[in-house]
Amino acid sequence: MRLYNTLTRQVEPFAPVRNNTVRMYTCGLTVYARGHIGNFRTFVGVDVLRRALKYVGGFQMHHVMNFTDVDDKTITGAEKAGLPLREYTDQYIQAFREDALALGIEPVEDTPRATDPENLQAMADMIKQLGEHGHTYQTDGSIYFKIATLPTYGKLARLDHEGIQAGARVDSDEYDKENARDFVLWKATKPGEPTWDVGCGPGRPGWHIECSAMALRLLGESPIDIHTGGVDLVFPHHENEIAQSEGATGKEFSKFWFHIEHLLVDNQKMSKSVGNVYTVQDVLDRGFRLSALRYILLSAYYRKQLNFTWVGLEQAEESLRRITDFLGRVGGLSGGVAHVEVATRVAEAVQRFDAALADDLNTAAGLGELFDLIRALNIAMDARQVGEADAPGIQAAFDHFDQVLGVLSLRHAEEATPPIPQAEIDAGIEARQDARRRRDFAEADRIRQELLDKGVILEDGPKGTRWKRR
RNA sequence: GGCGCCGUCGCCAAGUGGUAAGGCAGAGGUCUGCAAAACCUCCAUCCCCGGUUCAAAUCCGGGCGGCGCCUCCA
């Protein structure tokens, strides 16, 4: 398996440093609001990485994804809502879990929260360690990381430090720093803010320290194998995580840095001021299924910006329909022996699919292989060169594709939920069959239209009539 | 201002030196009570201009256009 590494700006062969288990950390959501579809591009992208490592690479996973449940936004939000911080962030964590599930994102092994006592303790320990190594200083009860003490600072982002220093838009925090590039590890208590005293003086953690501390606490000794997140985290977040972790341990923090490009809406980054922020719920409200959203996210290379449009969602619906229709056709095969040619063609497709995914997660090329196989098998089925005995092998191949893509099973679950009671559909199909036998086609068409209006499409095939969701 | 990415058919999107995958949409046909689905056929020379090469969408230079990062941010 080969992956692009932001640290080296190159595609490199990947293997876990320790044994067969990949130790991976993902910077999760800051839970001050419901996650938007841009957030979920990242999380679906990470999910595909995770699945590819498991099902193509054959590795085990120890995957940590955190929730940032304390920062300026969560504190302000909780205050506005009149809720305790923990209670306020709970609701968005819950919402994230629901959205993630609905998008077919596999649960990860650990989902720590910054304010869990053991994590705050780990942060304090790391800050102490940094102090012992001479990387910190204090001002007014806050503790800062002194970048000048770490010569390798900037190796990930490769930014022009002089430029940062001279820039007018540097951190406008009220906290005093010796140097604009320095960043805060622990913020001294301010009136009305939540505060913890775990050995760094009363206060709350800076943003970056939580990820360093939780990653090493849960994944063990560095280097970990992969650290992931959205591109916008490269600087300063990930750069600072490296500074903290490597400053504290003296060892490399992570072998691979994996970043997912932004989802754009209307060709722009989503932002509240532009008014182009959509949530998972918004997609549902427009009558789309989340399998279509996941499909869109899968249809482009993760390192390229992806422009989200509603037209694109419609196209994704249709593409997905082609796959599920094909699978339905395979499921309806009857009679006939197994064909060697079919098995060979299927094996070829699986092999190519895996190769595409192993090549830095080329899901678009993988989908291309999948559709090529569909065409080939459709032609073969028309020529009656595919038998019922071939079906399990074909099914197994698509199950494999979907272990990585995670979109067909999602679609299946959606399809299985009828828009109207199953009995009503069955009754309609039955009544229509009667009408057709009587050659009362007007009545047959009326019934079909009636069901269509209720969101059920009927299709007549050799094995009778089947239905699917509109 | 600094750094970086991108520009491939109407739309989406692979391909990064050997003569343009795939999906959606569209046109014609086969099949069907009619549909739907499926199948067949058709549908691009890769933003522009130079250069390197036997050979470039793919490499180099210069334009034009879009986006992102440099500040909280997926």
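Sequence lines set the chain letters: A, B, ... in the order given, protein chains first and strands last, and positions in each chain run from 1. Just so you know, these numbers come straight off a predicted model, no measurement behind them.
- One finds no side-chain N or O of A/Asn307 lying less than 4.0 angstrom from the OP1 or OP2 phosphate oxygen of B/C12.
- B/A25 and B/A13 are spaced 15 Å apart, taking the C1' atom of each and rounding to whole Å.
- Both A/Ser299 and A/Ile374 lie near RNA chain B, and the one whose nearest nucleotide falls closer to the 5' end is A/Ser299.
- If you take CZ of A/Arg181 and P of B/U71, they are 12 Å apart, rounded to a whole angstrom.
- B/C60 sits 13 Å from B/G17 when the C1' atoms are compared, rounded to a whole Å.
- A/Leu263 comes within 4.0 angstrom of a base, heavy atoms only.
- Spacing between atom CZ of A/Arg303 and atom C1' of B/G7 amounts to 17 Å, rounded to whole angstrom units.
- In this structure, CZ of A/Arg437 is placed 19 Å from P of B/C34, rounded to the nearest angstrom.
- In this structure, A/Lys269 places its NZ atom 8 Å from C1' of B/G68, rounding to the nearest Å.
- Counting any heavy atom pair closer than 4.0 Å across all strands shown, A/Tyr301 reaches sugar-phosphate atoms only and no base atom.
- For A/Ala300, counting side-chain heavy atoms from C-beta on, the closest listed nucleotide (B/G68, B/A74, B/A13) is B/A13.
- Comparing B/C9 with B/C43, their C1' atoms sit 8 Å apart, to the nearest whole Å.
- Rounded to a whole angstrom, the distance from the C1' atom of B/G61 to that of B/G1 is 24 Å.
- When all heavy atoms of A/Leu373 and A/Ala349 are compared, the pair lying nearest together is CD2-CB, 3.7 Å.
- Among the atoms of the strands shown, none is found under 4.0 Å from any heavy atom of A/Leu370.
- Around atom CZ of A/Arg439, no more than 12 heavy atoms belonging to other residues, nucleotides or ligands sit under 6.0 Å away.
- B/A35 atom C1' lies 14 Å from atom CG of A/Asp325, rounded to whole Å.
- In summary, the side chains of A/Thr74 and A/Thr89 do not present any donor paired with an acceptor at a separation below 3.5 Å, with no hydrogens or angles considered.
- Looking at A/Lys73, its side chain comes within 3.5 Å of the base of B/C72 through a donor and an acceptor atom.
- Ring planes of A/Phe371 and A/Tyr295: perpendicular class, angle over 60° (limits at 30 and 60°).
- Under 4.0 angstrom from either OP1 or OP2 of B/C12 there lies no side-chain N or O belonging to A/Thr309.
- Taking atom CG of A/Asp69 as the reference point, atom C1' of B/C72 lies 17 Å away to the nearest angstrom.
- The 5' end of RNA chain B is approached more closely, in terms of each residue's nearest nucleotide, by A/Asn378 than by the other of A/Gly230 and A/Asn378.
- Partner assigned to B/G28 is B/C40, using Watson-Crick or G-U wobble distances below 3.5 angstrom.
- Between the CG atom in A/Asp372 and the CZ atom in A/Arg345 there is a gap of 6.5 Å [rounded to 0.5 Å].
- Figure legend. B/A57 is base-paired to no nucleotide; pairs are counted as Watson-Crick or G-U wobble with both atom distances under 3.5 Å.
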(message) Does the protein touch nucleotides 16-33 of chain B at the base, only the backbone, or not at all? Give it as B, S and - per nucleotide, heavy atoms under 4.0 Å.
(response) -----BSBBS-------B

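- B/U19 and B/G10 have their C1' atoms separated by 26 Å, given to the nearest Å.
- A side-chain N or O of A/Glu210 and one of A/Thr68 form a donor-acceptor pair less than 3.5 Å apart.
- With rounding to whole Å, A/Glu443 atom CD is found 15 Å from B/C34 atom C1'.
- When the C1' atom is compared between B/C11 and B/A44, the two are found 14 Å apart, to the nearest whole Å.
- Among the atoms of the strands shown, only primed sugar atoms or phosphate atoms (P, OP1, OP2) are found under 4.0 Å from some heavy atom of A/Gly229.
- Atom P of nucleotide B/C69 and atom CE of A/Met270 are separated by 12 Å, given to the nearest angstrom.
- A/Thr8 and A/Glu12 share a donor-acceptor pair across their side chains, judged by distance under 3.5 Å alone.
- For the pair A/Arg303 and A/Tyr4, the cation sits on the ring face: its NZ or CZ lies under 6.0 Å from the ring centre, inside 45° of the axis.
- In this structure, A/Lys304 does not reach the B/G68 phosphate: none of its side-chain N or O atoms is under 4.0 Å from OP1 or OP2.
- For B/C3, the paired nucleotide is B/G68, the pair qualifying as Watson-Crick or G-U wobble because both relevant distances are below 3.5 Å.
- One P atom belongs to B/G28, the other to B/C48, and the distance between them is 32 Å to the nearest Å.
- Across all strands shown, nothing is found opposite B/U19 as a Watson-Crick or G-U wobble partner with both distances under 3.5 Å.
- Taking NE2 of A/His227 as the reference point, atom CG of A/Leu7 lies at 12.0 Å (rounded to 0.5 Å).
- Residues A/Ala52 and A/Met1 share a closest heavy-atom pair of CB-CE, 3.5 Å.
- Rounded to the nearest Å, the gap between the C1' atom of B/C49 and that of B/A57 is 16 Å.
- The residue A/His36 sits close to a base: some heavy atom pair falls under 4.0 Å.
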